[in-house]
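Lettering follows sequence order; numbering is per chain, from 1.
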2 protein chains.
Amino acid sequence: MGEPNDETIQTTKTSLEVVHTLQEIGPARLSEIADRLDMAESTTHRHLQTLRDLRYVSRDGDRYQLGLRFTRLGRAARTRDPAYEMTQSHVQELAEETGERAQFVVEDHGLGIYVHVETGSRAVRAGFGVGRQIHLHSSSAGKAILANYPRERVDEIIDRWGLPALTDHTITDREELYDELEAVRERGVAFNRKEHVDGINGTAVPVRRDGDVLGALAVAGPSHRLTGDQFEQEVPDMMLAAANELELNVTYATPESADDHIVE
Amino acid sequence: MGEPNDETIQTTKTSLEVVHTLQEIGPARLSEIADRLDMAESTTHRHLQTLRDLRYVSRDGDRYQLGLRFTRLGRAARTRDPAYEMTQSHVQELAEETGERAQFVVEDHGLGIYVHVETGSRAVRAGFGVGRQIHLHSSSAGKAILANYPRERVDEIIDRWGLPALTDHTITDREELYDELEAVRERGVAFNRKEHVDGINGTAVPVRRDGDVLGALAVAGPSHRLTGDQFEQEVPDMMLAAANELELNVTYATPESADDHIVE
DNA sequence: TTATGGATTCCGTTCTGCGGAACAACTGTT
DNA sequence: AACAGTTGTTCCGCAGAACGGAATCCATAA
């Protein structure tokens, strides 16, 4: 199945399709999964057995569900770079200082992923938790990151993910985005004015290590609170200070890896 | 490869072997991974391409590493049951009240997995983070869970994972463990006296929903602090109160699932 | 009991994932 | 500059493995 030169394994993809199905619909029965993926039940069964054998799927009565082993892998991914962990305290501080939601976002495969999320006292509870994947063009963090990438890489990402309009304010034009990124580069700070979610503004600054961008610190909150001078000066200043300190930590860090391998 | 009636898929296992390798040794080059798994480079390459295509692996220069997409799956697993999320605040409270490390542990495939971990003010920093997998026989949480399982299930778990001695105090005898579990059942509280890690004690209580065990709340700390009456009365009482409240929440919960599906 | 819906096992065929070898892209060396 | 040397990528023929369909098993219900 597939083009002549498909250097990729179908079976693995299928297995992960099964995992994705479980992720999307939660605990499900075999036939439900088979239906959804349009696969023979015998095949689905085999995939589920395999995943179960590996502890990536478990059963709850007659339902299959995600295995908790993924938690371990998720943490491993989130700590794959020791620098990520150093950002946590800064995110926490930003959340406290601003009272809003603060995040640390990293780019992977052209998407932004929330590696740390902390909510300040006034922050709205929302489902934007750790692991969430977002488009880069519509978020402050994403723009802070893209602004530090060479044009060609930005193009690759746009080609892959497009510029979908998430709200009426989302930038959907390539040229317009280039201009915006240019502005971010000059300012050193990226803004998001209801471009990602209606009624939510955001500010972000890049975090650099050696030459290149490690990720971005971001603060987000209701547009009626994050506005005016506070939005354009005070919060950005806090964030620049945080990013600065962070960059020092990260660049001259003692990479003391406190790994733990017990039962795998 | 494999027994005559092996109802499981080799290719998928191999792909996940690659993932595990990355998890263990961090960013690595192709040849390193191929060597370690004793696979042809072409094969390894194909697996890595596939995983990369799925965003479960990414490259950092000439190294391969875990993709951040696992973070999302990890979170999905950790929140697969809405009840897990309700435990978080209780874990937090226990950590604050006791000053020690508090956890919520769930059994999956015969192992205990830390679903929530919070550290109190006095708690020792250690690498026992979320996602950590532990043997059930040597931890307070594990014993609290096993005590509520039928004998045959306990046997299955022992058969699969054995009773390895993690310290000099670990229970390694099957009969002795049965007795201990009996005591836990009567008391309603499980103790761990340096059985898992030298110098660390723990207390745990089961959390039930309807008939069966959802998981266990546990508190752990240095054995010189967690001792005497405080260890055997005060902390257990706090935990029983917490578990009780929790069980009410969990049993009569409003399962308002605030899921988010954006870019997958 | 039979019927029904689902999960599991069996089996023959096909196709796909496999390793080896050839090729390409770098790096540093003489 | 030509060169080994090293690592990553692509090609290719074949063995073996994953596939779907059918048969079987296992509940629960009628």
Side-chain angles (χ1 to χ4, degrees), chain A residues 1-22 25-67 109 152 156 211, chain B residues 1-22 25-67 109 150 152 156 211-212:
Chain A
M1 185 196 285
E3 287 68 81
N5 190 18
D6 196 354
E7 267 310 288
T8 160
I9 303 173
Q10 195 50 43
T11 309
T12 298
K13 290 192 172 181
T14 307
S15 279
L16 286 164
E17 285 295 309
V18 171
V19 170
H20 296 155
T21 306
L22 288 177
I25 66 178
R29 350 190 77 210
L30 171 68
S31 51
E32 207 176 339
I33 302 166
D35 269 11
R36 225 182 150 83
L37 295 175
D38 202 28
M39 282 163 49
E41 293 194 344
S42 57
T43 306
T44 310
H45 179 254
R46 209 175 309 117
H47 281 274
L48 283 167
Q49 284 304 327
T50 307
L51 290 164
R52 207 147 81 90
D53 196 45
L54 293 165
R55 308 208 314 275
Y56 286 117
V57 161
S58 44
R59 320 185 54 154
D60 182 29
D62 57 352
R63 308 247 136 133
Y64 291 92
Q65 60 180 343
L66 289 183
H109 288 280
E152 53 172 16
E156 273 172 34
Chain B
M1 183 195 289
E3 286 67 82
N5 190 18
D6 195 355
E7 266 311 288
T8 158
I9 303 173
Q10 195 50 42
T11 310
T12 298
K13 290 191 171 181
T14 307
S15 279
L16 285 164
E17 284 296 309
V18 171
V19 170
H20 295 156
T21 305
L22 288 177
I25 66 179
R29 349 192 79 207
L30 171 67
S31 50
E32 208 175 338
I33 301 167
D35 267 11
R36 226 182 150 82
L37 295 174
D38 202 29
M39 283 164 49
E41 294 194 342
S42 57
T43 306
T44 310
H45 180 254
R46 209 176 309 117
H47 281 275
L48 284 166
Q49 284 304 327
T50 307
L51 290 164
R52 207 147 80 89
D53 197 44
L54 293 163
R55 307 207 316 276
Y56 286 116
V57 161
S58 44
R59 318 185 55 154
D60 180 31
D62 57 353
R63 309 247 137 131
Y64 290 92
Q65 60 181 342
L66 289 182
H109 288 280
E152 51 173 15
E156 273 173 34
D212 37 38

Least distance between heavy atoms, A:Leu66 atom then A:Ser58 atom: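 Where A:Leu66 meets A:Ser58 most closely, the heavy atoms are O-OG, 3.7 Å.
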Which heavy atom of B:Gln65 sits nearest a heavy atom of B:Pro27, and at what distance?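 Answer, listing the atom of B:Gln65 first, then B:Pro27: OE1-CG, 4.0 Å.
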Tell me the interatomic distance from [X], atom [atom1], to [N], atom [atom2], rounded to whole angstroms.
{"X": "B:Gln49", "N": "D:dT10", "atom1": "CD", "atom2": "P", "result": "7 Å"}
{"X": "A:Glu41", "N": "D:dC19", "atom1": "CD", "atom2": "P", "result": "15 Å"}
{"X": "B:Asp53", "N": "C:dG17", "atom1": "CG", "atom2": "P", "result": "13 Å"}
{"X": "B:Ile9", "N": "D:dG16", "atom1": "CD1", "atom2": "C1'", "result": "14 Å"}
{"X": "A:Gln10", "N": "C:dT16", "atom1": "CD", "atom2": "C1'", "result": "10 Å"}
{"X": "A:Leu48", "N": "D:dA18", "atom1": "CG", "atom2": "C1'", "result": "15 Å"}
{"X": "B:Lys13", "N": "D:dA18", "atom1": "NZ", "atom2": "C1'", "result": "14 Å"}
{"X": "B:Asp60", "N": "D:dG8", "atom1": "CG", "atom2": "P", "result": "14 Å"}

Considering just the side-chain nitrogens and oxygens of [X], establish if one lies under 4.0 Å of OP1 or OP2 belonging to [N].
{"X": "B:Arg46", "N": "C:dC18", "value": "yes"}
{"X": "B:Arg59", "N": "D:dT9", "value": "yes"}
{"X": "B:His45", "N": "D:dT7", "value": "no"}
{"X": "B:Thr11", "N": "C:dG17", "value": "no"}
{"X": "B:His47", "N": "C:dG17", "value": "no"}
{"X": "B:Ser42", "N": "C:dC18", "value": "no"}

Using a 4.5 Å cut-off on heavy atoms from C-beta on, say whether the side chain of A:Leu37 contacts that of A:Thr44.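 When only atoms from C-beta onward are counted, A:Leu37 and A:Thr44 do not touch, as no gap falls below 4.5 Å.
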Would you say that B:His47 contacts B:Thr11 through its side chain, given a criterion of any heavy-atom pair below 4.5 Å between the two side chains?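 Heavy-atom side-chain distance check passes, below 4.5 Å.
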Using atom types as modelled and distance alone, determine if a side-chain donor or acceptor of B:His109 lies under 3.5 Å from a backbone N or O of A:Val57.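 Answer holds: yes.
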Between A:Thr50 and B:Ile9 (side chain of the first, backbone of the second, donor and acceptor by atom type, cut-off under 3.5 Å), is there such a pair?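 Yes, A:Thr50 side chain to B:Ile9 backbone: donor-acceptor pair under 3.5 Å.
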Answer with base, sugar-phosphate or nothing: what part of the nucleic acid does B:Arg63 contact at a heavy-atom distance below 4.0 Å?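 Answer is nothing: B:Arg63 stays at 4.0 Å or more from every strand.
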By nearest heavy atom, map B:Thr44 and A:Arg52 onto DNA chain C; which one lands nearer the 5' end?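 Final value for this comparison: A:Arg52.
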In residues 29-37 of chain B, what residues come within less than 4.0 Å of DNA chain C, judged by heavy atoms?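 Heavy-atom cutoff 4.0 Å gives no residues at all.
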If you look only at pairs with a residue in residues 34-44 of chain B, which of them pass as a salt bridge (charged side-chain N to carboxylate O under 4.0 Å, His left out), with sequence neighbours excluded?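 Matches after skipping sequence neighbours: B:Glu24-B:Arg36.
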